[in-house]
Number of protein chains: 2
Amino acid sequence: MKDRRNTMQRELTYEAVFSYPGHPSADDVYRVISSRYSTISKATVYRNLNSLYEDGRIGKVPSVFGYEAHYDHRTDHHCHAVCIKCGKVVDVDVQYDKDLFDNAVSMEEGFSLSSHDLIFEGTCRNCGNKEKGYGTEGIKD
Amino acid sequence: MKDRRNTMQRELTYEAVFSYPGHPSADDVYRVISSRYSTISKATVYRNLNSLYEDGRIGKVPSVFGYEAHYDHRTDHHCHAVCIKCGKVVDVDVQYDKDLFDNAVSMEEGFSLSSHDLIFEGTCRNCGNKEKGYGTEGIKD
DNA sequence: ACCTTATTGATAATAGATATCATTATGAAG
DNA sequence: CTTCATAATGATATCTATTATCAATAAGGT
């Protein structure tokens with residue numbers, strides 16, 4: 001593993017992800033930390049989220065549909081759903097045969113597959129309610 | 001369906017996607033059209049790719065891992081692999097039980113799932129060769 | 001205490017895509 | 001054919017998420 005020094009900033013980043021209810025974006029993490037440690041830079045948060053992910057200490061839900069990436073205190077492989085309206089990420093509980101996909105092959109010669117992601121799309125409660133005109137602007141996730 | 005007027009630009013966009021070998025990005029499409037119709041604007045290409053997709057005339061492989069979206073002359077639901085080095089998209093032939101996923105539910109109350117994408121990650125021939133130092137800069141996909 | 005270098009904070013830069021807006025041109029109606 | 005409302009265009013500015021740059025700081029082994 002890469003040589004890392006222990007910094008306050010990285011530990012705060014780790015703790016913020018770990019204690020966040022759900023799947024924080026980099027900006028969510030930044031805002032949480034800022035409240036306690038106001039001089040932290042957003043670049044530092046991005047760097048530390050990446051290094052924590054590299055070290056396997058946190059999970060990462062990569063950016064899809066142009067939305068931000070989200071982070072996860074769970075590090076095991078599981079499925080996520082992304083809200084197509086706002087990019088919110090939630091867990092999905094679905095059992096399937098991973099081996100089937102691990103043995104899939106691409107249709108192009110020379111393209112070697114390494115992994116797969118099963119990503120669900122949908123509408124989160126907040127965005128779904130807005131659509132129906134329930135006037136739920138105030139709902140916080 | 002939305003009221004659309006027939007324009008040369010939109011038909012050129014459609015033809016470019018349809019005749020492109022593989023999965024062109026918006027920029028790929030733009031470059032193809034530019035060679036014949038040099039005054040077309042990139043904004044127009046983006047707009048037309050979106051409207052053609054809305055109308056179900058072309059397929060769209062959404063942006064993942066921060067890479068550009070790609071377009072597809074196939075409009076049926078099938079799987080893709082994305083090169084984690086360069087973002088290239090290729091088809092993957094894998095059979096699976098779509099119903100299983102269509103019946104999955106999110107772990108958060110109020111989040112309603114509408115569809116899913118099975119996305120593979122890997123390394124395309126070009127990037128894979130580069131890695132091994134085969135000096136294949138010139139390979140064109 | 002010293003010194004190498006990982007890390008930081010501030011900021012600029014990047015990529016992909018959308019928003020804006022004055023101008024153009026489509027195509028239905030007269 | 002003209003007329004005309006408005007969809008579409010081209011040029012450009014703007015946006016968002018993220019990474020790159022770089023001088024200054026600080027971690028931690030010696």
Side-chain angles (χ1 to χ4, degrees), chain A residues 1-14 16-17 23-31 33-55 57-58 60-71 82-89, chain B residues 1-14 16-17 23-31 33-55 57-58 60-71 82-89:
Chain A
M1 201 197 295
K2 223 180 158 184
D3 179 23
R4 304 233 190 264
R5 290 176 185 173
N6 291 328
T7 64
M8 175 60 62
Q9 289 91 333
R10 184 175 297 120
E11 282 319 298
L12 286 170
T13 306
Y14 177 73
V17 172
H23 303 76
S25 66
D27 200 62
D28 290 332
V29 172
Y30 171 71
R31 271 183 282 111
I33 301 175
S34 292
S35 67
R36 272 208 282 160
Y37 193 96
S38 62
T39 57
I40 198 165
S41 161
K42 198 174 275 192
T44 300
V45 173
Y46 271 102
R47 275 187 299 242
N48 283 328
L49 287 169
N50 280 332
S51 64
L52 289 166
Y53 174 65
E54 271 177 33
D55 294 351
R57 295 181 64 194
I58 62 174
K60 180 173 184 173
V61 185
S63 141
V64 239
F65 310 123
Y67 294 115
E68 321 129 280
H70 291 254
Y71 299 85
V82 177
C83 175
I84 51 173
K85 300 267 170 59
C86 73
K88 188 187 179 188
V89 169
Chain B
M1 200 198 295
K2 223 180 160 186
D3 179 23
R4 304 234 189 264
R5 291 177 184 171
N6 291 329
T7 64
M8 174 61 61
Q9 289 91 333
R10 184 176 297 119
E11 283 318 299
L12 285 170
T13 306
Y14 177 72
V17 172
H23 303 73
S25 66
D27 200 62
D28 290 331
V29 172
Y30 171 71
R31 272 183 281 111
I33 301 174
S34 291
S35 66
R36 271 209 282 162
Y37 193 96
S38 62
T39 56
I40 199 166
S41 160
K42 197 175 277 193
T44 299
V45 172
Y46 272 103
R47 274 186 300 242
N48 283 328
L49 287 169
N50 279 333
S51 64
L52 289 166
Y53 174 64
E54 272 177 33
D55 294 351
R57 295 181 64 196
I58 62 173
K60 180 173 184 172
V61 186
S63 142
V64 241
F65 310 123
Y67 293 116
E68 321 131 278
H70 291 254
Y71 299 85
V82 177
C83 176
I84 51 173
K85 300 268 170 57
C86 72
K88 187 187 178 188
V89 170

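Keep in mind it's a predicted model, so treat the numbers as computed, not measured. In what follows, every chain begins at residue 1, and chains take the letters A, B, ... in the order their sequences are listed. Quick note: numbers below take in every heavy atom, side chains included, and nothing from hydrogens, waters or symmetry partners.
- Classification of B/Lys2 and B/Asp55 as a salt-bridged pair fails, no side-chain N sitting under 4.0 Å from a carboxylate O.
- Atom P of nucleotide C/dG16 and atom CG of B/Asp28 are separated by 11 Å, given to the nearest angstrom.
- The pair A/Lys60-A/Glu54 does not meet the salt-bridge criterion, since no charged nitrogen lies less than 4.0 angstrom from a carboxylate oxygen.
- For B/Tyr71 against B/Ala26, the heavy-atom pair with the smallest separation is CE1-N, 4.0 Å.
- Closest heavy-atom contact between A/Leu49 and A/Val17: CD2-CG2, 3.6 Å.
- Within the 4.0 angstrom heavy-atom criterion, base atoms lie near A/Arg47.
- Side-chain nitrogen and oxygen atoms of B/Gln9 include none within less than 4.0 Å of the OP1 or OP2 phosphate oxygen of C/dA25.
- The two residues B/Ile84 and B/Tyr67 make their nearest non-hydrogen contact at O-OH, 2.5 Å.
- Surrounding OH of A/Tyr53 are at most 12 heavy atoms belonging to other residues, nucleotides or ligands under 6.0 Å away.
- Contact between the side-chain N/O atoms of B/Asn50 and the OP1/OP2 oxygens of C/dT18 is found at a separation under 4.0 Å.
- The 5' end of DNA chain C is approached more closely, in terms of each residue's nearest nucleotide, by B/Ala69 than by the other of B/Ala69 and B/Thr7.
- Side chains of A/Thr44 and A/Arg47: a donor on one and an acceptor on the other come within 3.5 Å.
- Comparing C/dT20, C/dG9, C/dA17 by their nearest atom to the side chain of B/Glu68 picks out C/dA17.
- Nucleic acid contact class of B/Arg4 (heavy atoms, under 4.0 Å, all strands): sugar-phosphate only.
- In the 5' to 3' direction, nucleotides of DNA chain D lying under 4.0 Å from heavy atoms of chain B begin and end at D/dA5 to D/dT12.
- Between the CG atom of A/Asn6 and the C1' atom of C/dT8 there is a distance of 15 Å, rounded to whole Å.
- Residues A/Met8 and B/Thr44 both approach DNA chain D. Their nearest nucleotides, taken by heavy-atom distance, put B/Thr44 toward the 5′ side.
- Taking every heavy atom of residues 35-43 of chain A and every atom of DNA chain D, pairs under 4.0 Å involve A/Ala43, by number.
- At a threshold of 4.0 angstrom between heavy atoms, the contacts of A/Asn48 are confined to the sugar-phosphate backbone, with no base atom among them.
- Both B/Asp3 and B/Val45 lie near DNA chain D, and the one whose nearest nucleotide falls closer to the 5' end is B/Asp3.
- Summarising the geometry, the separation between CZ on B/Arg5 and C1' on C/dT23 is reported as 14 Å, rounded to the nearest angstrom.
- Of all heavy-atom pairs between B/Tyr14 and B/Ile58, the closest is CD1-CG2, 3.9 Å.
- Residue A/Val89 comes nearest to A/His23 through the heavy atom pair O-ND1, 3.2 Å, listed as atom of the first residue, atom of the second, then distance.
- When heavy atoms are screened at a 4.0 angstrom cut-off, B/Asp27 is found touching no nucleic acid atom at all.
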